[in-house]
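Only one structure is covered here, and it is reproduced in the block below.
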2 protein chains.
Amino acid sequence: MGATLKDVAQHAGVSYSTVSRVLSGQPHVRPEVAARVREAAAALGYVPDGRARSLKTRRATVIGAIVTDVCQEFITPVVRAIEDVASRRGFAVLLANADDDEGKEESYAELLLQEGVAGAVVAATGDRSRAALRLAQGGVPVVAFDRRVDAVDVDSVTVDNVGGACAAVSHLLAAGYRRVALLAGLMIAGTARMRCEGFEAAHRRTGIPINRGLVVQELRTSDEAAAAAAQLLEGPRPPDAVFTTNARLAAGALAAVRSSGLRLGSDLGFVTFDDPLWTRLLECPLTTVAQPTYDIGCRAAEALFRRIDGDAGPPVHEVLETSLQVRASTMPRAPVPVSQ
Amino acid sequence: MGATLKDVAQHAGVSYSTVSRVLSGQPHVRPEVAARVREAAAALGYVPDGRARSLKTRRATVIGAIVTDVCQEFITPVVRAIEDVASRRGFAVLLANADDDEGKEESYAELLLQEGVAGAVVAATGDRSRAALRLAQGGVPVVAFDRRVDAVDVDSVTVDNVGGACAAVSHLLAAGYRRVALLAGLMIAGTARMRCEGFEAAHRRTGIPINRGLVVQELRTSDEAAAAAAQLLEGPRPPDAVFTTNARLAAGALAAVRSSGLRLGSDLGFVTFDDPLWTRLLECPLTTVAQPTYDIGCRAAEALFRRIDGDAGPPVHEVLETSLQVRASTMPRAPVPVSQ
DNA sequence: CTGAAAGCGCTAACAG
DNA sequence: CTGTTAGCGCTTTCAG
């Protein structure tokens, strides 16, 4: 186990550095010798030691990715994309789940720093994420995705959260819904906050008042969303539509809708941010705000590699568009009948 | 950027190795000196270099995880679990998507070897995975999960695929379904193969013949599953129930069912391996074979750490149970009416 | 209790 | 074209 450069050199009857040259593809080596070296390496099952190399060269072939939770449907395609472009460049990715916990986030940043990653993409918990700051201070290129960070001005790849949410809620309002409930995630996250803003903007624009009693924030799990939705639905003045700021909350809310006996589309309008496959499988397919998830990951990773490759230009902030997928859950509301 | 041990030593007015001792928590250092060192380290924003440490100690704090695809719903909770237990032990995880491609799998194994990971959990593509073998040969502890590997006898954590599938199909048969279609994934994967075996076992046990025309294998994507299902459903002798070997295929098949106009539960029985949240949200909730996904990840990671900690006992193979979640999609079939 | 010194495996000048 | 040499940042004997 573990042949080293020296072993290979001995076996091939050349020096230490010749082997290094051959194996790192440098020119100026007689083909004949090169062949002998390669043979020796193969024979010994030689595997270069990335740590030693990286220690010497100050270059790493690992990047870090700090995300909120791999289990979230929105996140997986972006992780996948990051991994794809990294792997295409011969890099591996160190994955970190921060769970929207700033403490975890920081300790992961520290860990990435220790591991000497070449760069990191991070979906920060809050806007003032110290993690991104810490990494940047440590000289590690950082690009933010999903959420921007304020603490330090780094590249970012996000979507137009306000616009997406506003379009969704405007669509609901235009379809005749008047009492739209808002089920939102943690306000520490810029995404949730901006989606709430979009919700407000849509109301403002159309002059329809927001029913504060129908706004529930700081929802973390789908169970919490289910409970909140149930309470609203059973309340004295229930909503006639629901907007959720992410798919996880949507799943919870839908469970509550199901047990309320209300029928989506006819009795209750529904739109959610995020567009997982299953929204199309429901009896009443869901209208959604789709994000270009895979593309977000690609662009974030590409931006990172641009920095790793030495680009020192001013930070660039890419804002991608969402697209409203209109489906049956927001069919135009029949006007309230005048007479029974 | 990048204060080193030497810098800290200078700053604190002590020697090189004293700093090392303090920072790695060794005893035999005067508290007073230790405090001064710690101060200096903090002041300089010192971050230990994991690579250098690992190079010297031959111990790493990174483990690798080779999976098929993070986007698969089954996989995310297990990745999450692996990450959770690793992080609890101060380890990070290097994630690799092999996509059921043996080439990719091997090159990732090589990469993990180069990075000097302390160990790796791998969901191998085929039974004869050279990746696991390569890692094991390189002296890296390996534990297989989801699928066992034959090429080398390492610990494994899997579920009873044959039993789970057999239970599901037996349930279908007992409920009166007689023409059960089988939509299966890649036969190179032991999981798919064993689930097919379960399908056969259930038929064998009940004496009901398998309709070979209703068996479709080597399905990769949900679109392929949709196409296969559509073809079956529109054929001359359509199935009266469908069993899919994973959630991805189920989603595709369901799309086909939806456009066929057939009603789940009443017109067509349906069971799938895997139990994502959304199966409960459908108009007709799905009967499923649930795997203890998070638990699989935990046990795999724990087994790995046992090896990393030096356990040299014989390989242990944990086989976890699946559980059949009976829901509306398999309601007992009404006997065919004798007269109209 | 603390310092000096020898490498871990590798690369990158610098000589030959 | 090839060999020698000096470290990268750290841990770890071995002396004091």
Side-chain angles (χ1 to χ4, degrees), chain A residues 1-38 40-41 44-62 110-111 113-118 138-140, chain B residues 1-38 40-41 44-62 110-111 113-118 138-140:
Chain A
M1 140 188 164
T4 106
L5 259 196
K6 212 188 298 184
D7 301 331
V8 178
Q10 223 150 25
H11 198 92
V14 295
S15 100
Y16 213 46
S17 45
T18 301
V19 179
S20 171
R21 274 193 274 267
V22 173
L23 267 28
S24 47
Q26 284 176 55
H28 306 306
V29 176
R30 210 170 355 135
E32 181 191 316
V33 177
R36 209 166 63 227
V37 169
R38 257 184 278 273
L44 296 177
Y46 170 73
V47 178
D49 187 318
R51 300 188 294 271
R53 175 179 303 178
S54 163
L55 180 60
K56 181 68 191 178
T57 61
R58 317 264 66 199
R59 280 180 262 119
T61 55
V62 174
E110 213 63 33
L111 192 134
L113 234 29
Q114 287 189 206
E115 289 309 322
V117 294
V140 174
Chain B
M1 137 188 166
T4 107
L5 259 195
K6 211 187 297 184
D7 301 331
V8 177
Q10 222 151 23
H11 198 92
V14 294
S15 100
Y16 211 47
S17 42
T18 301
V19 178
S20 171
R21 274 194 273 268
V22 174
L23 266 28
S24 47
Q26 284 176 58
H28 307 307
V29 176
R30 210 165 1 132
E32 181 191 317
V33 176
R36 209 166 64 228
V37 168
R38 257 185 277 273
L44 296 177
Y46 170 72
V47 179
D49 186 319
R51 299 188 295 271
R53 174 180 309 188
S54 162
L55 180 59
K56 181 69 190 174
T57 61
R58 316 264 66 200
R59 278 180 263 120
T61 54
V62 174
E110 213 62 34
L111 192 137
L113 233 29
Q114 287 189 205
E115 288 310 322
V117 294
V140 174

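Quick note on labels: first sequence line is chain A, next is B, and so on, each numbered from 1.
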- request: Give the rounded distance in Å between these two atoms: CG of B:Leu44 and P of D:dG9.
  value: 14 Å
- request: Write down the distance between OH (B:Tyr46) and C1' (D:dG9), rounded to a whole number of angstrom.
  value: 7 Å
- prompt: Which nucleotide sits closest to the side chain of A:Arg30: D:dC1, D:dC10, D:dG3?
  reply: D:dC1
query: Does B:Arg21 or B:Ala52 map to a spot on DNA chain C nearer the 5' end, using the closest nucleotide for each?
result: B:Arg21
query: Mind checking what makes side-chain contact (heavy atoms from CB on, under 4.5 Å) contact with A:Leu5, not counting sequence neighbours?
result: A:Tyr16, A:Val19, A:Ser20, A:Leu23, A:Tyr46
field: Minimum-distance nucleotide to B:Val14 side chain [options: C:dC10, D:dC8, C:dG3]
entry: C:dG3
statement: When rounded to whole Å, the NZ to P distance for the pair B:Lys56 and D:dG9 reads 15 Å
query: Starting at the 5' end of DNA chain C, which residue's closest nucleotide do you reach first, A:Leu5 or B:Thr18?
result: B:Thr18
- prompt: Counting just side-chain N and O atoms, does A:Arg59 come under 4.0 Å of either OP1 or OP2 of C:dA12?
  reply: yes
- request: For residues A:Arg36 and A:Ala12, report the shortest heavy-atom separation together with the two atoms involved.
  value: NE-O, 3.0 Å
query: Whole-Å distance between C:dC1 C1' and B:Glu32 CD?
result: 12 Å
field: Closest to the A:Arg58 side chain, choosing from D:dC8, C:dC8, C:dC10
entry: D:dC8
statement: When rounded to whole Å, the CG to C1' distance for the pair A:Leu113 and D:dG9 reads 15 Å
A:Arg36 CZ - D:dC1 C1' separation (whole Å): 13 Å
- request: For A:Gln10 and D:dG3, give me the distance from atom CD to atom P, rounded to whole Å.
  value: 13 Å
- request: Could you check whether A:Thr4 gets within reach of a base, just the sugar-phosphate, or nothing at all, counting any heavy atom under 4.0 Å?
  value: sugar-phosphate
message: Within the 4.5 Å heavy-atom criterion, are A:Val62 and B:Glu115 side-chain neighbours or not?
response: yes
message: If I take atom CD in residue B:Gln114 and atom P in nucleotide C:dC10, what distance separates them, rounded to the nearest angstrom?
response: 10 Å
- request: Identify whether any heavy atom of A:Thr57 sits under 4.0 Å from a base atom; if not, whether one sits that close to sugar-phosphate; answer base, sugar-phosphate or nothing.
  value: sugar-phosphate
query: To the nearest 0.5 Å, what is the distance between NZ (B:Lys56) and CG (A:Leu55)?
result: 12.0 Å
message: With a cut-off of less than 4.0 Å, is there a side-chain N or O of B:Ser20 near OP1 or OP2 of D:dC10?
response: no
Salt bridge A:Arg51-B:Asp49, side-chain N to carboxylate O under 4.0 Å: no
